[in-house]
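Here is the structure we will look at, set down as structure tokens.
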Amino acid sequence: MSQTYPTHEEIQQLYEKLFEMRLDKWLNHELFTFQWFLLLAVLIFPWFIWWRFVDKNRIVQILLFGALLSILVVF
């Protein structure tokens with residue numbers, strides 16, 4: 001029972017082909033769709049709202065508190 005395994009070069013070629021296929025699908029079927037613009041708006045719009053209502057006199061303290069809180073949450 002002689003079983004042959006793919007070589008490193010064959011595996012690398014398959015990875016490159018898969019990457020090209022995924023990129024082609026993303027560029028042709030997902031980029032600039034309605035869902036893509038909706039996601040972009042959901043990611044950016046809250047920052048505009050936050051900037052509109054944040055107390056500009058205490059912006060440094062608010063940002064430092066947010067940074068500290070995010071560090072504590074990660075660890």
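All residue numbers refer to positions in the sequence shown, counting from 1. Only heavy atoms go into these numbers, but all of them, side chains included; no hydrogens, no water, no symmetry mates.
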### Query
Is there a side-chain contact between Phe32 and Leu40 (heavy atoms, below 4.5 Å)?
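A side-chain contact is absent here, since even the closest heavy-atom pair is not under 4.5 Å.
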#### Entry: Listed partners of Asn57 passing side-chain hydrogen bond (donor to acceptor under 3.5 Å, both in side chains), at least two apart
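For Asn57 there are no side-chain hydrogen bond (donor to acceptor under 3.5 Å, both in side chains) partners, ignoring immediate neighbours.
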### Task
Sequence neighbours left out, what passes side-chain hydrogen bond (donor to acceptor under 3.5 Å, both in side chains) with Asp24? Give chain and number order.
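side-chain hydrogen bond (donor to acceptor under 3.5 Å, both in side chains) check on Asp24 returns Asn28.
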### Member of Glu10, Glu9, Glu16 meeting the side chain to side chain contact (heavy atoms under 4.5 Å, CB included) criterion with Gln12
Glu16
Side-chain heavy atoms under 4.5 angstrom apart, residues restricted to Ile, Leu, Val, Met, Phe, Trp, Tyr: same cluster for [X] and [Y]?
| X | Y | result |
| --- | --- | --- |
| Leu27 | Met21 | no |
| Leu43 | Trp36 | no |
| Leu64 | Val73 | no |

### Query
Just wondering, more than 12 heavy atoms not from Lys56 lying within 6.0 Å of its NZ?
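Yes.
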### Query
Does a sphere of radius 6.0 Å around CZ in Phe37 hold more than 12 heavy atoms from other residues, nucleotides or ligands, not counting ones at 6.0 Å or beyond?
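Result for CZ/Phe37: enclosed.
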#### Entry: ring pair (Phe, Tyr, Trp, His ring centres under 6.0 Å) partners for Trp26, two or more places apart
none
[X] side, atom [atom1]; [Y] side, atom [atom2] - distance, nearest 0.5 Å:
| X | Y | atom1 | atom2 | value |
| --- | --- | --- | --- | --- |
| His8 | Gln13 | NE2 | CD | 10.5 Å |
| Asp55 | Ile59 | CG | CD1 | 8.5 Å |
| Ile44 | Ile49 | CD1 | CD1 | 12.5 Å |
| Leu23 | Glu20 | CG | CD | 8.5 Å |

### Residues Trp50, Trp47; criterion side chain to side chain contact (heavy atoms under 4.5 Å, CB included); working and verdict
CA-CA 5 Å; Trp50 177 80; Trp47 288 102; 4.2 Å; yes
### Query
When clusters are formed from ILVMFWY side-chain contacts under 4.5 Å, directly or step by step, what else is grouped with Leu18?
none
## Note on the structure
The remaining residues in the hydrophobic cluster of Leu69, counting side-chain heavy-atom contacts under 4.5 Å among Ile, Leu, Val, Met, Phe, Trp and Tyr, are Phe65
## Note on the structure
For Ala41 and Pro46, the nearest pair of non-hydrogen atoms, with its separation, is O-CD, 3.9 Å
### Any pair counted as salt bridge (Lys or Arg N to Asp or Glu O under 4.0 Å), so long as it reaches residues 29-46, sequence neighbours left out
Lys25-Glu30
